[in-house]
Amino acid sequence: MKKRDFLKVSGVLLAGAALGGFMGCKPKDLVVKSDEKAKENPKAAEAALFVLPALEYAHDALAPAIDKETVEIHHSKHHAAYVNNLNKALETNPALALPTIEAVCAAIDSSSAAAVRNNAGGHYNHSLYWRILANPAQVQKREPSGALLEAIKSAFGSVEELKKQLTDAAMSRFGSGWAWLSVDANKRLFVSSTPNQDNPLMSKVVEKAGKPILGIDVWEHAYYLQYQNRRKDYLTAFFGILRWERVDEYYQAAIK
Ligand code: MN
């Protein structure tokens, strides 16, 4: 999510390529593979266009809703792979190497390389997902309030109805994908679902475009270790660890 000076970054990558290596690494190895690697090798982390954001909580903080092992693998393996593969894919698709992940997603069209589309979505989607979750004991707002609550009532009638529509969108997503609450161009809330790692920022490829403020990962890797095929139980647990004040922050930013 961090803005990067891509000209500087690409200069480093090109220099690395020209020299046949950079501090003993091939250019493709300059991408950060994990938070740990970022600490061990800050130069490598700096050279990467996008980096894996650190979690704001321990791997076991979301338990029992989402168990420690699932969070650890999901963040340090799956999300890290999206970041690494995105950086690699952007080396061969420089026109999409834009300074923010939001800009990359917005630029995706049906002719874009699948590796960029899937991994840019993967990075953006998971960055949002981690930020809107928290241990219930640390959640200030357990339910939406203020302008967000009014917008939910206006669009859905009630918070319960919103949760029902999100659950339905997540349950009816065949295979892997996401369920979303987003703000449309008229600043109105809507629920949608996208396949794979697509998201509503990808206005040229999704049915309905908007700015996501809440995303639910319904890939099996998000819940299978703990819930196996019980996707609905995972969704119920998800709402118990939802950090509504963060959703509210995203809402406020989206309607500006
Ligand atoms: Mn995931």
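Atoms within each ligand, like the ligands themselves, are counted from 1 in listed order.
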Checklist entry - Is it true that some N/O/S atom of H78, main chain or side chain, lies under 2.8 Å from the Mn ion (ligand 1)? => result no

Checklist entry - Angle subtended at the Mn ion (ligand 1) by NE2 of H126 and OD2 of D217, to 10 degrees? => result 100°

Next on the checklist: What I want to check is whether the side chains of T70 and D67 have a donor and an acceptor closer together than 3.5 Å.
Outcome noted: yes

Checklist entry - Would you call the rings of W130 and H74 parallel, tilted or perpendicular if under 30° counts as parallel and over 60° as perpendicular? => result perpendicular

Item to check | Pair H75 and H126, ring centroids less than 6.0 Å apart | outcome: no

Checklist entry - Do you see an N/O/S atom of H74, backbone or side chain, under 2.8 Å from the Mn ion (ligand 1)? => result yes

Next on the checklist: Tell me the closest heavy-atom pair linking Y57 and L133, and the distance in Å.
Outcome noted: CE2-O, 3.3 Å

